[in-house]
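Please read all numbers here as calculations on a predicted model, not as lab measurements. Sequence lines set the chain letters: A, B, ... in the order given, protein chains first and strands last, and positions in each chain run from 1.
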There are 2 protein chains.
Amino acid sequence: MPTPVATPMRRESPVVPVQETQAPCCVPSHGQESLLAGEAEALAARFKALADPNRLRILSIVSSSPDAETCVCDLSEPLNLGQPTVSHHLKIMVEAGLLTREKRGVWAYYSLVPGALDSLAATLSPKASR
Amino acid sequence: MPTPVATPMRRESPVVPVQETQAPCCVPSHGQESLLAGEAEALAARFKALADPNRLRILSIVSSSPDAETCVCDLSEPLNLGQPTVSHHLKIMVEAGLLTREKRGVWAYYSLVPGALDSLAATLSPKASR
DNA sequence: ACGGGAGATTGACAATCATCGATATATGCA
DNA sequence: TGCATATATCGATGATTGTCAATCTCCCGT
C-alpha cells in the first residue's frame, strides 16, 4: 500500500480565521483513532466470511440441522453448487472461526463455533450483547 | 447463473440398504430451506458493506463523533485515503442502509442510521437482541 | 458573474473472489 | 490388495472490488 505522498485536499489549520459562515466542519477532533487499522482488518476478515449469500445459507443450514452439524454432501444439493465450491466456502468459514470441522470416517461434519456469531454481533451493537 | 444440469455427486436414496457402519450421513432432512436464496442475497449485501477495514473505520469514526455525524474531509486524512475513495465507501454504506447523508451548504454530513447495525446484529444472534 | 472549494462521478487498473473441472488424498469395505 | 466413495486441493476463468487521477457539479462569498 503506497503511502500517498501528498493527499491533495486537506487543509491543515485555517490560516485565515474561519469566517463563521456555518459549522466549521472538518475539525478532526479525534485525538485517537477509534478503531485501529489492525483491528479493522481483523474484523473485516470475519465479516468477509459472512459477505456471501451461499455462505450465509450454509450457516443457516448448519445451525438448523438436527444436531447442528452437517456434512458436505448435505449442502451441495440444496445450494446448487459443486462439491469443490462447497468445500471452499466451508474452509473460508473455518478459517474465519465460524465453523469447526470434525472428520468421522469418510465424512466431514461441520458445526457452529459456539459464541462466534454472538461475539461478532456484539461488535456491531455492544449494548445488545448481554 | 446456468443451472448445473447434473450435480455430479449426490446419491438419491441408497439402493443397497445402508450397512449401518456409522452415521448414515447425507440424509438431507431439511424439508424447507432455512434461508431462502433471496434473503441470503439481501443479507450478504449488507455484510459486504461491512467487509472492508476502511469502511469499518469510517463507521467507527462516525459513531464516535461528537454529534455522530462526520463530513468527508474528516475521514480522508485519518484513513490515508483519497477523497474519491472515501466518497465511494460512503456511498456503498448509504446504499446498504447503514449511513444517511445530509447536505448542509457545501458539506455533506454522514451519520448512522439508527438501529441499522442492531438489526444486523440481531440477524447474527437473535437471542441477544433485546 | 466569477472563482474557489467540497464532494460526486467517471474510467482505468491491479487484486481478490466465486465457481468449475480435473486431480489428489484418504477412509472403509470386499 | 484393490476398489469405491467423501472430501480436499489445484489451475483456470470470468466477475467483482478497492483505489487513484481526472473531471464534473454545485454551493458560497466576493
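- Across all strands, A:His88 comes closer than 4.0 Å to base atoms (heavy-atom distances).
- Regarding contacts with the backbone of C:dT19, a side-chain N or O of A:Asn54 is found under 4.0 angstrom from either OP1 or OP2.
- Distances shorter than 4.0 Å separate some side-chain N or O of A:Arg101 from OP1 or OP2 on D:dA8.
- Here C:dG7 presents its C1' atom at 18 Å from CE of B:Met93, a figure rounded to the nearest Å.
- As rounded to whole Å, 14 Å separates atom P of D:dA6 from atom CG of A:Leu75.
- Between A:Arg104 and C:dT27 there is no side-chain polar atom (N or O) within less than 4.0 angstrom of OP1 or OP2.
- The minimum heavy-atom distance linking A:Ala96 with A:Arg46 is given by the pair O-CD, 4.0 Å.
- Following rounding to the nearest Å, B:Trp107 (CH2) and C:dA8 (C1') show an atom-to-atom distance of 17 Å.
- Comparing B:Ile92 and A:Lys91 along DNA chain D, the residue whose closest nucleotide (by nearest heavy atom) sits nearer the 5' end is A:Lys91.
- Annotation: of the two residues near DNA chain C, A:His89 and A:Lys103, the 5′-most nearest-nucleotide partner is A:His89.
- One interatomic measurement links the two molecules: CG of B:Leu81 to C1' of C:dA6, which rounds to 17 Å at whole-angstrom precision.
- Closest approach of A:Ala49 to A:Leu98, counting heavy atoms only: CB-CD1, 3.9 Å.
- Each of A:Thr85 and A:Lys48 has a nearest nucleotide on DNA chain C; the 5'-most of these lies closest to A:Lys48.
- One interatomic measurement links the two molecules: CG of A:Leu90 to P of C:dT19, which rounds to 12 Å at whole-angstrom precision.
- B:Leu50 places its CG atom 12 Å from the P atom of D:dG18, with the value rounded to the nearest Å.
- When all heavy atoms of A:Ser76 and A:Val86 are compared, the closest pair comes out as CA-CG2, 3.8 Å.
- For the pair B:Arg104 and B:Tyr109, the cation-pi test (distance below 6.0 Å, angle within 45°) is passed.
- Taking atom CG of B:Leu99 as the reference point, atom C1' of C:dA8 lies 16 Å away to the nearest angstrom.
- Between C:dA6, D:dT7, C:dA8, one nucleotide has an atom nearer to the side chain of B:Val106 than all others, and that is C:dA6.
- Taking 4.0 angstrom as the limit, A:Tyr110 places a side-chain polar atom (N or O) nearer than this to OP1 or OP2 of D:dA8.
- Atoms CD (B:Gln83) and P (D:dC20) sit 11 Å apart, rounded to a whole Å.
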